[in-house]
Protein chains: 2
Amino acid sequence: MTTNRSRPAGRPATIPDVAREAGVSRSTASRALADYGSVSPDARERVRAAAEKLGYRPNLLARSMITGRTHTLGAIVADIQNPFFAGVTRGITDAARAAGYQVLLANTDEDVAAERAAVKMLRDKHVDGLIVAPAATTETGHLAAAHAAGCPVVLLDRQAPGLPADSVTVDNHGAAQDAVRRLLAAGHRRIALVSLLGSAPSADAGAERAAAATPLPTDPVSTGLERIEGYRAALREAGLSDTDTYLRTGTFHREDPADLTADLLALPEPPTAVFATDSMIALGVLSATRDHGLRVPDDLSLVTFDDTDWARAVRPRVSVVAQPVQELGARAVHSLITRIEGTTRPPEHTVLDTEFIDRESIAPPPGA
Amino acid sequence: MTTNRSRPAGRPATIPDVAREAGVSRSTASRALADYGSVSPDARERVRAAAEKLGYRPNLLARSMITGRTHTLGAIVADIQNPFFAGVTRGITDAARAAGYQVLLANTDEDVAAERAAVKMLRDKHVDGLIVAPAATTETGHLAAAHAAGCPVVLLDRQAPGLPADSVTVDNHGAAQDAVRRLLAAGHRRIALVSLLGSAPSADAGAERAAAATPLPTDPVSTGLERIEGYRAALREAGLSDTDTYLRTGTFHREDPADLTADLLALPEPPTAVFATDSMIALGVLSATRDHGLRVPDDLSLVTFDDTDWARAVRPRVSVVAQPVQELGARAVHSLITRIEGTTRPPEHTVLDTEFIDRESIAPPPGA
DNA sequence: CGCGCATGTGGGAACGTTCTCAATCGCGGG
DNA sequence: CCCGCGATTGAGAACGTTCCCACATGCGCG
């Protein structure tokens with residue numbers, strides 16, 4: 001064994017070790033390994049060989065201390081188990097890895113306090129930037145603070161008005177309007193919307209059964225709101241002025257979409273079509289519909305946001321507004337990275353296209 | 001402004017800043033903040049106030065350099081978009097956060113090279129430990145190396161024989177056997193198994209259409225193998241010695257479960273029941289079944305591993321082998337953390353219980 | 001009265017890297 | 001012959017923290 005006895009076997013090799021082995025100084029070794037400055041071909045090769053021999057791996061922590069960059073991104077989403085966020089996260093990790101970054105993941109369950117805690121932790125770990133699907137549109141002080149302190153933030157899927165950050169979203173208003181138009185075109189007039197948005201006020205205050213039409217949750221998620229507005233616009237466009245009769249919005253973890261749907265179906269004049277604002281809500285609608293003995297699409301038509309694997313496999317196949325989930329994530333990463341690399345430009349709002357995929361869940365209303 | 005002018009405004013406060021502000025030394029400030037050693041109540045309070053005033057946040061990178069611990073875990077899974085891994089990942093991140101750890105996420109798409117690259121990157125970033133759903137059972141040198149170098153590894157969902165690491169799995173053999181027994185009990189004799197396991201050999205060599213029964217992919221994932229063995233055991237138990245007639249296994253990214261199923265249904269004597277080894281395969285089976293004009297469960301019974309949200313919502317509701325996905329992740333985290341905290345004990349293999357949930361997708365075979 | 005001990009405190013090293021700076025060498029041109 | 005310049009090199013600082021050790025106090029006890 002000719003290995004240097006000053007390195008106690010177990011300890012991984014460091015730059016000084018490599019330098020000693022190669023017979024050069026730390027500086028030269030560092031230069032050779034990081035490939036900058038000028039190093040003689042001879043020294044470069046000796047260092048390379050020494051590093052190889054000792055199995056040298058750079059300590060990225062130490063490097064980050066100096067450079068101030070960790071090549072780590074923070075991703076804060078509501079719930080990775082929601083297929084939408086799973087797809088987005090997939091897009092984020094893939095794009096990040098391709099660009100030489102890693103991703104630190106956090107779930108919020110739509111809870112602002114959890115989001116704040118996550119931001120704090122990720123910043124303490126010095127992530128280079130944050131990709132956030134904010135749980136609230138107004139309580140964004142922690143995001144603004146991060147951004148101001150030089151930790152760029154990119155908003156994903158959702159907007160936050162006051163925040164001068166990049167965002168990557170979808171035209172929720174337009175897509176919702178388009179989807180509802182298709183239901184209208186099929187002859188429907190009693191079209192319901194089922195959605196979950198925003199978290200409960202705080203304690204158990206507030207409406208315990210928010211099933212009644214209008215009272216929207218406090219500080220709802222922008223995405224849901226936009227979809228509701230698109231829905232209303234389509235109805236108004238068709239001459240239906242009373243846009244809230246069949247509008248049902250609950251709060252996360254409080255209301256079950258299936259219950260909301262059951263209420264709807266128990267109405268004297270029940271809806272003949274339902275627009276669900278995401279795939280998990282569609283599942284609830286589906287479940288309630290069938291428990292009520294109704295069939296899709298003969299008795300009730302269904303359209304939902306998000307194209308999941310099951311929407312293609314069940315019968316009838318369900319018609320959906322497909323979002324480019326992975327690309328949403330990938331674009332967010334690119335936006336964030338160009339911001340990290342130092343470009344200072346005004347906030348950029350990327351809006352990606354959705355695609356309406358017409359399958360088998362829309363039919364004319366029963367009586368027609 | 002009375003803030004210390006030696007700190008150029010933008011720069012975040014450090015321990016020296018706090019110490020200066022509190023009129024003590026770095027050491028005392030550090031002790032007061034980290035709450036160790038002995039500090040007078042007076043000094044402690046002054047430091048606390050100074051830290052508060054300056055908005056001091058510890059630099060976790062610097063701390064990690066010293067302590068050698070990052071409080072970061074690496075999670076390497078096949079595909080976060082697979083509901084099983086989404087659930088597992090959810091369990092991991094939640095349990096990790098509760099224990100004061102963060103999670104760095106990597107997807108492998110069942111590719112060993114990607115797994116190796118992920119391990120390298122995560123180790124370079126000095127994660128305290130690794131939770132891995134290994135893409136292969138034999139090529140685990142990189143995992144063994146990590147483990148030996150003091151970066152503990154916990155195997156998740158899958159085994160790797162040669163590796164002296166903790167593992168958290170499920171009794172795949174028993175659960176599969178139990179599921180197939182139920183199909184047998186309903187009167188079925190022609191029971192198929194559809195699965196995807198292992199990645200293709202390497203280039204485009206090998207069978208291009210591996211639909212023919214026996215040739216299993218090289219180095220398949222242990223989980224799939226165990227389920228197949230459970231399936232075979234149940235069949236043999238019922239006196240059916242030819243266990244491979246209706247056995248169809250493909251390789252990831254090569255074969256489509258729907259195609260495998262279509263082949264099965266085109267047989268002169270098609271199966272009357274199908275056992276799918278995970279939810280994404282069940283979706284393919286479902287799709288092919290219905291494209292073939294058959295109905296579940298009247299024409300074909302179906303059982304699958306993994307209880308997903310859609311399995312409860314579609315009609316017929318599908319009977320499943322439910323795995324405790326979140327707990328799988330949580331247990332892996334606990335196993336890993338106790339290992340990190342220094343306990344040296346022989347490898348521990350945790351096996352969690354599955355639950356068979358009988359719903360509506362099993363009926364007697366058509367002729368009965 | 002002096003010794004030991006516990007408590008509080010500060011100085012300095014260490015972690016492993018990058019970066020700035022000055023020093024050395026060889027060599028061609030004035 | 002000497003100056004200057006580029007290429008190459010090494011010493012030392014820095015990043016922000018934790019840890020080890022030495023040093024002062026103060027107090028009880030022999």
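Chain identifiers are assigned alphabetically (A, B, ...) following the order of the sequence lines, protein sequences preceding nucleic acid strands; residue numbering begins at 1 within each chain.
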If you compare every side-chain N and O of [X] against the phosphate oxygens of [N] (OP1, OP2), does one of them come in below 4.0 Å?
{"X": "B/Ser40", "N": "C/dT9", "answer": "yes"}
{"X": "B/Ser25", "N": "C/dG11", "answer": "no"}
{"X": "A/Ser38", "N": "D/dT8", "answer": "yes"}

Side-chain donor-acceptor pair under 3.5 Å between [X] and [Y], yes or no?
{"X": "B/Asp111", "Y": "B/Thr108", "value": "no"}
{"X": "B/Thr338", "Y": "B/Arg345", "value": "yes"}
{"X": "A/Gln102", "Y": "A/His71", "value": "no"}
{"X": "A/Thr72", "Y": "B/Lys125", "value": "yes"}
{"X": "A/Tyr101", "Y": "A/Arg69", "value": "yes"}
{"X": "B/Ser167", "Y": "B/His349", "value": "yes"}

Take the protein atom [atom1] of [X] and the nucleotide atom [atom2] of [N], then report the distance between them rounded to whole Å.
{"X": "A/Leu33", "N": "C/dT18", "atom1": "CG", "atom2": "P", "result": "8 Å"}
{"X": "B/Lys125", "N": "C/dT17", "atom1": "NZ", "atom2": "P", "result": "16 Å"}
{"X": "A/Asp35", "N": "D/dT8", "atom1": "CG", "atom2": "C1'", "result": "15 Å"}

Do nucleotides 12-23 of chain D as a string where each nucleotide becomes B, S or -: B if the base has a protein heavy atom under 4.0 Å, S if just the sugar-phosphate does, - if no protein is that close.
BBBBBBBB----
